Amino acid sequence: MIAKERVMRAIFIISALTAILAVGLICVFLFAGGLPGAGKIGIFDFLLGTEWKPGDSPPSFGILPMIIGSLYVTAGAILFGVPIGIFAAVFMAKVCPKPLYKVLKPALDLLAGIPSVVYGFFGMVIIVPLVRELFGGNGSSILTASILLGIMILPTVIGITESSLRAVPGELYEGAVALGASRERAVFGVIVPAAKSGIMAAVVLGVGRAIGETMAVKMVAGNQAVLRTPGEFLKGVRTLTANVVLEMGYAEGLHREALIATGVVLFIFILIINLLFSALKRREG
Amino acid sequence: MKKAVKTLLRKKKADLLLWVMTWLFAALTFAVLLFLIWHILVNGIVHISPSLFELKYTSQNASLFPALITTMLVVALSLLIAVPLGVFSAIYLVEYARRGSRFVKLVRMMNETLSGIPSIIYGIFGSIFFVVWLGWGKSLLAGSCTLAIMILPLIMRTTEESLKSVSDSYREGSFGLGAGRLRTVFKIVLPAAGPGILAGVILSVGRIVGETAALIYTLGNSPIMTDGLFSSGRTLSLHMYSLAGESLYTGQAYATAVILLFVVIGINTLSGLLAKRITRGT
């Protein structure tokens with residue numbers, strides 16, 4: 001009996017170690033696979049180079065267009081997703097009648113559960129032609145990707161904002177109303193500011209989702225590895241994620257290493273975002 | 001209605017604007033969802049035909065049947081790896097480790113890190129580690145292992161939460177009757193936490209079914225039926241991704257989207273029902 005207890009206890013400990021092991025393996029293999037390549041290209045030429053031409057001789061592997069591209073579509077997603085998300089979260093937490101809530105909450109879960117290929121396909125058949133009709137260009141653009149990503153981060157932003165709005169003590173609202181504030185004023189002037197760090201956490205998590213999204217973005221963004229200015233939002237752009245998924249299938253040698261290094265850059269962005277998120281969550285708690 | 005109009009008229013301009021925006025943006029969010037579902041259903045259902053479910057894939061029928069089977073295999077294999085690991089490690093964290101010990105904190109931190117990593121990073125890692133370094137090639141096994149790591153944090157977190165929600169009086173009662181720790185965990189705590197764990201597993205199934213970026217370079221993208229752990233294949237999502245890229249197969253892409261949507265709706269309903277059972281239970 002005691003032996004069995006001991007064996008199972010050991011098994012439990014070993015299982016608990018897998019999470020640590022997994023993070024360790026991911027870091028080691030990602031860095032070992034990507035950093036030598038980035039070193040061969042030259043860290044500065046790699047990070048700040050504006051030319052990505054793996055097929056040329058000599059090839060050039062500059063990922064600045066992709067870094068900037070990822071930043072554009074992420075910023076665009078925040079621009080669309082966050083204001084809509086915050087207002088919708090206020091609706092869910094403070095305005096929505098209870099019977100309606102029972103329908104809308106599962107609808108939000110559904111929005112979160114729809115696979116990114118389905119979003120990407122929806123973007124291809126609806127948003128791309130729409131942008132093309134309304135603004136010209138060929139439709140696959142920074143704007144299109146931003147709109148689609150804005151939709152995709154909505155459930156994340158709404159979910160976290162809603163729960164942080166609900167965590168604000170009711171006395172604050174009652175106090176504001178007692179002082180003569182209207183319902184809207186009490187919500188937007190008192191409750192929303194009180195939930196500030198939770199809302200910031202929602203935005204940060206939204207940024208993480210948007211910057212890491214791959215397939216949907218690749219399907220609508222056009223994927224030209226060209227450095228764009230913010231004014232060229234109707235032109236195509238390639239993100240870090242799209243760069244990997246487009247070329248990983250056939251890349252060899254230094255090209256493959258450069259793609260893995262692209263992944264490393266994305267990984268570092270994500271680690272920073274995660275740190276920020278947990279710092280914000282700690283401040284809220 | 002009259003009352004609503006009256007209150008509307010009484011509102012100040014800024015208040016009115018905020019009020020309108022709240023309703024408008026909430027309506028917009030759900031309108032987008034409804035439109036997406038409606039659009040996929042209307043265009044997809046007409047394309048669901050028996051030829052889509054033919055046993056053998058050809059470029060003529062673009063059958064999704066092999067993809068359907070592969071999806072089930074990937075789900076089963078990933079769960080087979082991730083569920084024991086996730087549940088056992090949650091058991092250790094909640095039932096065995098000293099609460100708040102350094103090790104617990106470290107595991108939890110790693111878990112949070114894992115859950116924040118985007119799927120393309122898992123795809124790159126799987127491609128370096130399982131496909132090339134371990135020499136498994138693009139295969140069912142490599143893809144499933146990659147996904148197992150991806151869903152591990154989700155299973156671990158949901159299990160941890162449901163174990164914690166089991167009242168300590170259960171454990172005390174069991175210990176009081178002379179049961180050991182292991183017996184208490186397996187006979188008393190785990191059954192009580194069952195629905196919560198199951199809800200986590202179901203959510204993981206949803207993530208696996210919807211996954212593409214982590215699979216395309218680990219499972220590969222072969223449209224034919226997989227035969228064995230070391231052969232390539234494609235899941236429904238990958239199938240749809242490939243079809244969407246070719247204008248020839250738009251109809252089949254819509255049809256696949258319909259099936260994916262149904263799977264997601266089914267999964268959400270199931271986990272919603274379980275969640276309701278949990279809240280009623282406590």
Side-chain angles (χ1 to χ4, degrees), chain A residues 1 4-5 8-9 11-13 15-16 18-20 22-23 25-26 29-30 33 84 87-88 90-92 95 104 106-107 109-111 113-118 120-122 124 126 151 154 158 182 184-185 188 208 212-215 219 241 244-245 248-249 260 263 266-267 270 273-274 278, chain B residues 11-12 15 18-19 21-23 25-26 28-30 32-33 36 39-40 85 88-89 91-93 96 106-107 110-114 116-121 124-125 127-129 149 152-153 156 180-182 206 209-210 212-213 216-217 237 240-241 244 253 257 260-261 264-265 267-268 272:
Chain A
M1 213 47 216
K4 203 170 147 200
E5 286 267 358
M8 283 313 283
R9 193 190 155 91
I11 290 176
F12 292 153
I13 294 183
S15 303
T18 44
I20 303 174
V23 174
L25 279 177
I26 290 173
F29 277 86
L30 220 54
I84 295 179
F87 276 103
V90 167
F91 179 83
M92 295 297 281
V95 182
L104 294 187
D109 291 339
L110 185 61
L111 202 59
I114 292 174
S116 52
V117 254
V118 176
F121 184 64
F122 177 74
M124 275 171 72
I126 298 292
I151 297 172
L154 272 177
I158 296 175
S182 67
E184 286 75 20
R185 240 201 143 137
F188 286 97
E213 178 50 48
T214 310
M215 290 312 194
M219 287 161 92
T241 52
V244 175
V245 92
M248 192 83 171
I260 295 170
L266 178 68
F267 188 54
I270 291 290
I273 289 166
N274 277 359
S278 51
Chain B
K11 282 182 197 296
K12 282 198 205 129
D15 285 356
L18 287 172
W19 186 85
M21 276 168 84
T22 308
W23 279 84
F25 283 160
L28 186 67
T29 302
F30 296 104
V32 168
L33 175 68
L36 188 149
H39 180 81
I40 300 275
L85 282 176
F88 284 170
S89 57
I91 288 177
Y92 182 76
L93 294 188
Y96 284 82
L106 182 69
V107 173
M110 291 301 130
N111 218 27
E112 268 174 36
T113 311
L114 278 180
I117 295 176
S119 49
I120 182 72
I121 301 277
I124 300 173
F125 167 71
S127 160
I128 304 173
F129 185 64
I149 301 177
L152 184 68
M156 213 169 121
R181 177 148 285 195
L182 192 64
V209 171
T212 31
I216 190 161
Y217 297 126
S237 291
M240 185 180 164
Y241 171 71
L260 277 173
L261 268 184
V264 172
I265 291 172
I267 282 168
N268 278 11

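Every chain is numbered from 1, with letters handed out A, B, ... down the list of sequences. Here the structure is a predicted model, which means the values were calculated and not measured.
Of the listed residues (B:Ile124, B:Ile91, B:Thr22), the greatest number of heavy-atom pairs within a distance under 4.5 Å of chain A belongs to B:Thr22. Of the listed residues A:Ser182, A:Ser15, A:Gly120, the one with more heavy-atom pairs under 4.5 angstrom with chain B than any other is A:Ser15. Note on A:Val117, A:Leu111, A:Val95: by heavy-atom pairs under 4.5 Å with chain B, the leading option is A:Val117. Counting heavy-atom pairs closer than 4.5 Å to chain B, the top residue among A:Val90, A:Val118, A:Ile26, A:Thr214 is A:Ile26. When each of A:Ile273, A:Ile126, A:Leu30, A:Ile11 is checked for heavy-atom pairs under 4.5 Å with chain B, A:Ile126 comes out on top. Between chain A and the residues B:Leu93, B:Leu114, B:Leu152, the most heavy-atom pairs under 4.5 angstrom are made by B:Leu114.
Nearest heavy-atom pair, B:Ser89 versus A:Ala16, reported as atom, atom and distance to 0.1 Å: CB-CA, 3.2 Å. Contact record, B:Pro118 with A:Leu266: CG-CD2, 4.4 Å, taken as the closest heavy-atom pair. Contact record, A:Met248 with B:Ser127: CE-OG, 3.7 Å, taken as the closest heavy-atom pair. Taking both residues in full, the closest heavy atoms of B:Ala244 and A:Met124 are given as O-CE, 3.1 Å, listed atom of the first, atom of the second, then distance. Shortest non-hydrogen contact noted between A:Ala19 and B:Asn111 is CB-OD1, 4.3 Å. Closest of all the heavy-atom pairs between A:Lys4 and B:Leu182 is O-CD2, 4.1 Å.
Between atom CZ of residue B:Phe30 and atom CE of residue A:Met92 there is a gap of 4.5 Å, rounded to the nearest 0.5 Å. The structure places CZ of B:Arg181 at 11.0 Å from CZ of A:Phe12, a figure rounded to the nearest 0.5 Å. Atom OG1 of A:Thr18 is separated from atom CZ of B:Phe88 by 11.5 Å, given to the nearest 0.5 angstrom. Rounding to the nearest 0.5 Å places CZ of A:Phe29 at 8.0 Å from CD1 of B:Ile128. With values rounded to the nearest 0.5 angstrom, B:Phe125 atom CZ is found 5.0 Å from A:Leu25 atom CG. For the atom pair CH2 of B:Trp19 and CZ of A:Phe87, the computed distance is 13.5 Å after rounding to the nearest 0.5 Å.
Both the backbone and the side chain of B:Tyr241 come within contact range of chain A, judged by heavy atoms closer than 4.5 Å. Both the backbone and the side chain of B:Ile117 come within contact range of chain A, each with at least one heavy atom under 4.5 Å from a heavy atom of that chain. Using a 4.5 Å cut-off between heavy atoms, A:Leu154 contacts chain B through its side chain alone, with no backbone atom that close. At a 4.5 Å heavy-atom cutoff, the contact between B:Leu260 and chain A is made by side-chain atoms alone. Interface remark: B:Ile40 contributes side-chain atoms only to the contact with chain A (heavy atom separation under 4.5 Å). Only the side chain of B:Leu28 comes within less than 4.5 Å of a heavy atom in chain A; its backbone stays farther off. Contact annotation for B:Leu36: both backbone and side-chain heavy atoms come within less than 4.5 Å of a heavy atom of chain A. Looking at B:Leu261, the atoms closer than 4.5 Å to chain A (heavy atoms on both sides) all sit in the side chain, from C-beta outward.
By the 4.5 Å heavy-atom criterion applied to side chains, A:Ile114 and B:Leu33 are counted as neighbours. With a 4.5 Å cut-off on side-chain heavy atoms, B:Ile216 and A:Met215 count as touching. Inter-residue side-chain proximity for B:Glu112 and A:Asn274 is flagged as unmet; no heavy-atom pair is nearer than 4.5 Å.
When each of A:Ile151, A:Leu104, A:Ile158 is tested with B:Thr29 by the rule side chain to side chain contact (heavy atoms under 4.5 Å, CB included), just one qualifies, namely A:Ile158.
In this structure B:Tyr217 satisfies the ring-ring contact (aromatic ring centres under 6.0 Å, His included) test with no other residue, sequence neighbours excluded. Considering only residues two or more places apart in sequence or on other chains, A:Phe122 meets the ring-ring contact (aromatic ring centres under 6.0 Å, His included) condition with B:Phe35.
Looking only at distances, a side-chain donor or acceptor of B:Asn268 sits under 3.5 Å from a matching main-chain atom of A:Asp109.
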Handout entry: Chi angles and distances behind the side chain to side chain contact (heavy atoms under 4.5 Å, CB included) call for B:Tyr96, A:Ile13
Key = CA-CA 9 Å; B:Tyr96 284 82; A:Ile13 294 183; over 6 Å; no

Practice task
Check the pair B:Ile121, A:Ile270 against side chain to side chain contact (heavy atoms under 4.5 Å, CB included), reporting the backbone distance first and the verdict last.
Solution key: CA-CA 10 Å; B:Ile121 301 277; A:Ile270 291 290; 5.6 Å; no

